[in-house]
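Worksheet for the structure shown next.
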Amino acid sequence: MRLGVLDVGSNTVHLLVVDAHRGAHPMPASSQRTVLRLAERLTDGGDLSDEGVDDLVRTVADAKRSSAKLGCADLMAFATSAVRECGNVADVLARVGDETGVELRVLTGKDEAKLTFLAARRWLGWSAGRLLVVDIGGGSLELAIGMDEAPEYAKSVPLGAGRTTRERFTTDPPTRADVASTVEWLADQLAPVARKMAKQGRPDRAVATSKTFRTLARLTGAAPSSAGLRVRRVLTESGLRQLSAFITRMSAADLAELDGVSASRAHQLVAGALVAQATMRALSLQELEICPWALREGVILRRLDQADGEEP
């Protein structure tokens, strides 16, 4: 069965087409990204701008045509914080549905955390024991921990790399004062979440997903993507601390020249590094293993489970 997954995120809209069968790992057949930066296209009143909605409708329509050409039996389209939090979300969803025929579903932050946890659990297996999963998106940070396929505790915090960049930095590169105040602010924001997660017990394995974590790991010496999905990659707290001291002095243009840094995300890399570092400190983690599966794979796996008769 060939499935299409359309992920409408804060920064990009990503169409992933996979050959998926129950009991087997979904195998990517095609992948295409469109940079829209929806979270940066809000009006003063918090609505997604008319131009932003127009571009979103056009991108969804293009994705629908592409998935049909690739033989997809189903196109599952979902949106995260950028659409979820805009003031005119109902109008945006109605326009997308009316003009493209695609039902764009909005995930809650907790949904994101749970589905990402499911993907990590399926990738790592039951031998991972008590699993802790961290994911940094454009608008939010998701955390989850548990022993089963559903986490015992899941939380979404508005500390995404893009959001933190917009709300905390006024210059490129950020000033030392802005960096220092952001580090303190992040610690305060994460303290109550860390206390609740600590009550769940120490994890046997701590993993991170998302493009932000993969990029940070790559910049601290992890293998490139060309080495394959199954190569073990880690991000250490010490390596991240050294990297943060280096990149906070660099402009987005300079960061985009580094190996493994995409031009579309370079402007939010510093904030992503600070969020990652603050999270590791708050949770007393010295190392995070990078998991190649994340939210999109979680959506696919849940869809396959439902097709197999499991409860949604």
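Excluded from the calculations below are hydrogen atoms, water molecules and symmetry mates; all remaining heavy atoms, backbone and side chain alike, are included.
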Is it the case that one hydrophobic cluster holds both [X] and [Y], taking links as side-chain heavy atoms less than 4.5 Å apart, direct or via other members?
{"X": "Val299", "Y": "Val13", "value": "no"}
{"X": "Leu6", "Y": "Ile300", "value": "no"}
{"X": "Met250", "Y": "Leu269", "value": "yes"}
{"X": "Val53", "Y": "Val102", "value": "yes"}
{"X": "Met280", "Y": "Phe246", "value": "yes"}

Spacing of [atom1] belonging to [X] relative to [atom2] belonging to [Y], to within rounding of 0.5 Å:
{"X": "Thr236", "Y": "Leu288", "atom1": "OG1", "atom2": "CG", "value": "9.5 Å"}
{"X": "Arg37", "Y": "Ser10", "atom1": "CZ", "atom2": "OG", "value": "12.0 Å"}
{"X": "Arg163", "Y": "Ile136", "atom1": "CZ", "atom2": "CD1", "value": "13.5 Å"}
{"X": "Arg218", "Y": "Leu258", "atom1": "CZ", "atom2": "CG", "value": "11.0 Å"}
{"X": "Leu283", "Y": "Leu143", "atom1": "CG", "atom2": "CG", "value": "6.0 Å"}
{"X": "Leu190", "Y": "Leu159", "atom1": "CG", "atom2": "CG", "value": "5.5 Å"}

Donor on one side chain, acceptor on other, [X] and [Y], under 3.5 Å:
{"X": "Glu142", "Y": "Thr116", "value": "no"}
{"X": "Asp62", "Y": "Thr59", "value": "no"}
{"X": "His267", "Y": "Thr165", "value": "no"}

Determine, for [X] against [Y], whether the closest basic-nitrogen to carboxylate-oxygen distance falls under 4.0 angstrom.
{"X": "Arg2", "Y": "Asp19", "result": "yes"}
{"X": "Glu287", "Y": "Arg232", "result": "yes"}
{"X": "Glu112", "Y": "Lys110", "result": "no"}
{"X": "Arg95", "Y": "Asp54", "result": "yes"}
{"X": "Arg168", "Y": "Asp178", "result": "no"}
{"X": "Glu297", "Y": "Arg122", "result": "no"}
{"X": "Glu149", "Y": "Arg302", "result": "no"}
{"X": "Arg41", "Y": "Asp55", "result": "yes"}

What's the shortest heavy-atom distance between [X] and [Y], and which atoms?
{"X": "Ala282", "Y": "Ala194", "answer": "O-CB, 3.4 Å"}
{"X": "Val231", "Y": "Arg233", "answer": "O-NH1, 3.2 Å"}
{"X": "Lys211", "Y": "Gly260", "answer": "NZ-O, 4.3 Å"}
{"X": "Ala82", "Y": "Leu38", "answer": "CB-CB, 4.0 Å"}
{"X": "Thr248", "Y": "Ala245", "answer": "OG1-O, 3.4 Å"}
{"X": "Thr209", "Y": "Trp293", "answer": "CG2-O, 3.2 Å"}

Can you check whether [Y]'s main-chain N or O pairs, donor with acceptor, with [X]'s side chain at less than 3.5 Å?
{"X": "Thr171", "Y": "Pro173", "result": "yes"}
{"X": "Glu237", "Y": "Leu285", "result": "no"}
{"X": "Asp47", "Y": "Asn88", "result": "yes"}

Below 4.5 Å, heavy atoms only, C-beta onward: do [X] and [Y] meet side chain to side chain?
{"X": "Phe78", "Y": "Val8", "value": "no"}
{"X": "Arg241", "Y": "Arg281", "value": "yes"}
{"X": "Arg130", "Y": "Glu152", "value": "yes"}
{"X": "Asp148", "Y": "Trp126", "value": "yes"}
{"X": "Val92", "Y": "Val57", "value": "no"}
{"X": "Ile145", "Y": "Pro151", "value": "no"}
{"X": "Asp259", "Y": "Val261", "value": "no"}
{"X": "Ser262", "Y": "Arg265", "value": "yes"}

Just to verify, which of Val207, Asp135, Leu235 counts as forming a side-chain contact (heavy atoms from CB on, under 4.5 Å) with Phe213?
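Running side-chain contact (heavy atoms from CB on, under 4.5 Å) over Val207, Asp135, Leu235 with Phe213 returns exactly one hit, Leu235.
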